[in-house]
Structure formats: C-alpha cells, structure tokens
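FYI, the numbering just counts along the sequence from 1.
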Amino acid sequence: MRTSTRIAGVLTGLTLALGGAAFTAPAAHADVTACINQVERELQGGEAPDSVRMACYVGLTGDNARCVTGLTDSGVTNGTAVTACRVAPD
C-alpha cells in the first residue's frame, strides 16, 4: 500500500470518528445535566460542586456504582445519588 493511500485512509478514519463524537456530544451533555439537576434539587438552589459534576460524568459512562459512591462522598443522600446516577446514562 502506498504511503499517500495510507495517509488518506487514516485522515478519513479520523474525520469519521471526530464527526461521530460531535453528533453524540450534545446528547451526552444533556444527560450529565439531568444528573446534576437531580442533585441540585436536593441542595435546594445550591450549585453542584465539581465533584458532583465528575460523578455524574462517570454515571454517563455506565459505571453506576462509582457514580453513586462519588455523589455520596460529595454529601448527597444515597436516595438522590441512586436516582441521579440512574438518569445519567439515559
């Protein structure tokens, strides 16, 4: 295989991969927001700290147990943590 053909193939693959990420990014952001909003309702108007945002992102990846642990370590009640982590990957 010629070098120019190989480079063109790699660039095409990168374009497709990055383009696909751009299409999924807005949906992912909305899911993390739903998780954070669930926690902020418990905080009664307070803004969620970065540790909550990070735990919600972990929940987005599907690691529910780590999401719940991260939220409870941040001071969120277990019930709210379970509910928030459940909505993260939706």
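- Note that CD of E42 and CG of N37 are 13.5 Å apart. Values are rounded to the nearest 0.5 Å.
- Within the 4.5 Å cutoff, the side chain of R53 has no heavy atoms near those of the V32 side chain.
- Its side chain within the 4.5 Å cluster rule, V82 clusters with V68 among the Ile, Leu, Val, Met, Phe, Trp and Tyr residues.
- Across all non-hydrogen atoms, the minimal contact from S51 to S74 is OG-OG, 2.8 Å.
- Of all heavy-atom pairs spanning I36 and A48, the tightest one is CG2-CB, 3.8 Å.
- Residues L43, V52, L71, V76 make up the rest of the hydrophobic cluster containing V39, defined by ILVMFWY side-chain heavy atoms closer than 4.5 Å, directly or through other members.
- Pairing each heavy atom of C67 with each of A55, the nearest pair is SG-O, 3.3 Å.
- Side chains of Q38 and T83: a donor-acceptor N/O pair is absent below 3.5 angstrom, by distance only.
- A pairwise comparison of heavy atoms in G59 and P89 identifies O-CD, 3.7 Å as the closest pair.
- Between C85 and C35, the two SG sulfurs stay at or beyond 2.5 Å from each other.
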